[in-house]
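In what follows, a structure is listed as structure tokens, so that the remarks can point back to it.
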Amino acid sequence: MVLLRYKIIVLFLSYNVILAKEYSSFKETEEKLKNEYFVPVENWKYSEGAGWREPTVFVPIFVRNKAHALPYFLKCLYDLNYPKKRLSLWIVTDHNSDNSSQILEKWTNTVKHEYHDLVFEKPDTEWFYKEQKGNLHWPEERHIKMLQLRQQALEKARKMWSDFILYLDADNMLINPHTLQHLISRDLTIVAPMLTTIASYANFWADQDENGYYKRADNYFEIRNRETVGVFEVPMVHSTFLVNLVARKSRKLRFWPLHEDYYLLVDDIIVFSIHAKLADIPLYIDNTHIYGCMPIPLKHDQSLREEVETFTHFIMEIMTEPPVGIGIEIQPVDYLKPVFHNTSLGFDKIFMINLERREDRYYRMSKALELQGIEFTHFKAVDSKTLNTTYLKHMGIDMLPGYVDPYRERTLTRGEIGCFLSHYFIWQEVVKNKLDQVIVFEDDLRFEISFNRRLKNVMQEIEDAKLEWDLIYIGRKRMQIKEPEKSVPDCPLLVEADYSYWTLAYILSNSGAQKLLAGKPLHRMVPVDEYLPIMFNKHPM
């Protein structure tokens, strides 16, 4: 048996996903989740025929370098189930280094006639502030500018005699169409809808330290994870929140200038929380329903490119079912839909293995690849339900004598045979069509952030080192964890793989495919994720 050259090199970029056991389509499952999540307000005072007009709401939106998020954000905003003639929008964008202005101009020109009022302003500014060190850096001048804009919005809303003002960040996705009704029905001066993220972050704090910054609290995760459901008083809400301008206490609220008793650093969200406290206005977070979601903010020294990659990852992850995401696809405005330039990432072909009857997996995976601009070939997996004894004999398939799954204490299943054959037929195609290098994806993985860029860096590293290789894991389950894996000379991003499971994603060279076929695995078959470690001599059995 010819062992795979240089053993196998591994790079962690993707990992398994939790998917529904039911084999309904993605859209069917999504519709069920929407019906579960998006419950209308009971006994809504302003329902049609009730005799009351809905309260007026002023919505200020301040945009900077959000071209990547705007098509999705604007779709969520437009889809709110609230009469548009009772909404007034004030949109301001400045200091951009992307095409946020053009996107907003196109959208506002298209929909402005539907709203009570829609004002779009794009003052002529440089893309940076004087003390700014990068696109995501917030110098004090930027915090002050945000506070001034929020104050202007508050004054505009009061002047228009609006009943409410909804502050809404331009990358916060209010996917629940009934969000405004629920918040208004709380009858609170300031309340925020809890927004889901793909991490522990949320748009509220359960405690603050003496400097006004975040402090861990025992009840934070109970609220964040919706272990306890309701409306909770907290010291901080941010990003998206509703202010009741009819409430008498709201008259004392201000963002700028700073209160004479304010003594902390100028940070716009801290200023807001302290000013609310000085005005004797409690802040509330509402996690009664799934209202929406938001990406995790990046560090100030990170780049706009990293923010775009993080947002793309966020959109992919939200599609994943709980507990990772919420199982719902966030759609963009049709005429603002991003154009993705397809790439094969420098490979001859990219295969995505998928059972035809698992349309749910295909839909999610194809969307994830599309969002990253990855061009792929749908490889229809061998379905275990179509396998019979006659076919197995024709293919010369036989189990490795004495094989028993080391963890489940059973023999090979028809599902594992179908999985093996799916990979085997790809290996055959690689050799037959003389493909130099390919990627193989299974349909139950999730991508890490910046997958394309990180993979390109690895392949460049391999080329520079003139490294000879046969197979590279880009996703696996490491089984041997007692000893560290060997590093690869001149390739710091790679290690030599020890005993590993899963074939959810790997890169294969033509020589690697030849060697996998030369092992004649059909005549002594084991699961494919056991076969690979055998071929690079790392199987413990």
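Worth knowing before you read on, the calculation uses all heavy atoms, side chains too, and leaves out hydrogens, waters and symmetry mates.
Under a 3.5 Å cut-off, the side chain of N287 and the backbone N or O of T228 do form a donor-acceptor pair.
Annotation: F204 is not in aromatic contact with F232 [ring centroid separation under 6.0 Å not met]. Annotation: Y362 is not in aromatic contact with F26 [ring centroid separation under 6.0 Å not met]. You'll find the ring centres of F441 and F376 outside the 6.0 Å limit.
Among residues at least two apart or in separate chains, there is no side chain to side chain donor-acceptor pair (under 3.5 Å) pair with a member in residues 334-346. Note on residues 68-81: pairs passing salt bridge (Lys or Arg N to Asp or Glu O under 4.0 Å), not counting sequence neighbours, are K75-D79. Annotation: side chain to side chain donor-acceptor pair (under 3.5 Å) contacts involving residues 427-440, sequence neighbours excluded, comprise K349-E429, W427-Y506.
Side-chain contact check for F38 versus I328: some heavy-atom pair is nearer than 4.5 Å.
Residue-environment remark: CG (D218) stays at or below the threshold of 12 foreign heavy atoms within 6.0 Å. For N35, the CG atom counts as densely surrounded, since its 6.0 Å shell holds more than 12 non-hydrogen atoms of other residues, nucleotides or ligands. For E483, the CD atom is loosely surrounded, since the number of other residues' heavy atoms within 6.0 Å does not exceed 12.
For the atom pair CD of E309 and CZ of R454, the computed distance is 10.0 Å after rounding to the nearest 0.5 Å.
A salt bridge links R186 with D286: at least one charged nitrogen is closer than 4.0 Å to a carboxylate oxygen. Under a 4.0 Å N-O distance rule, the pair D464/K466 does not qualify as a salt bridge. Salt-bridge formation is not detected for the pair K367/E30: no Lys NZ or Arg NE/NH1/NH2 atom is positioned less than 4.0 Å from an Asp or Glu carboxylate oxygen. Checked for salt-bridge contact, K27 and E329 meet the test: a charged N lies under 4.0 Å from a carboxylate O.
Side-chain polar atoms of E442 and H423 form a donor-acceptor pair below 3.5 angstrom. At a cut-off of 3.5 Å, with distance as the only test, no side-chain donor of S450 or E306 sits close to an acceptor on the other residue. For the 3.5 Å distance criterion, the side chains of T503 and D529 fail to qualify, holding no donor opposite an acceptor. Side-chain contact check for N457 and E461: no donor-acceptor pair (N or O, by modelled atom type) lies under 3.5 Å.
Residues C293 and I318 approach most closely at CB-CD1, 3.9 Å, considering heavy atoms. When all heavy atoms of N65 and S97 are compared, the closest pair comes out as OD1-N, 2.6 Å. Pairing each heavy atom of S239 with each of M294, the nearest pair is OG-CE, 3.5 Å. Contact record, A368 with Q372: O-NE2, 3.0 Å, taken as the closest heavy-atom pair. Of all the heavy atoms in L345 and I350, the pair that sits closest is CD1-CD1, 4.3 Å.
Exactly one of I353, L445, D360, N354 qualifies for a side-chain contact (heavy atoms from CB on, under 4.5 Å) with M365. That residue is L445. Y37 pairs in a side-chain contact (heavy atoms from CB on, under 4.5 Å) with only one of the listed residues (I326, I175, N176), which is I326.
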Could you go step by step and tell me if W44 and H178 meet the side-chain contact (heavy atoms from CB on, under 4.5 Å) rule?
-> CA-CA 11 Å; W44 175 238; H178 309 297; over 6 Å; no
Report the C-alpha separation of R446 and T320 in whole Å, then their side-chain angles, then the decisive distance to 0.1 Å, and conclude whether the side-chain contact (heavy atoms from CB on, under 4.5 Å) test is met.
-> CA-CA 9 Å; R446 290 166 33 225; T320 306; 4.0 Å; yes
Derivation of the salt bridge (charged side-chain N to carboxylate O under 4.0 Å, His left out) call for K66 and E307 | CA-CA 9 Å; K66 295 299 180 185; E307 181 171 273; 3.3 Å; yes
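A cation-pi arrangement is found for K84 relative to Y78, the charged atom lying closer than 6.0 Å to the ring centre and inside a 45° cone about the ring normal.
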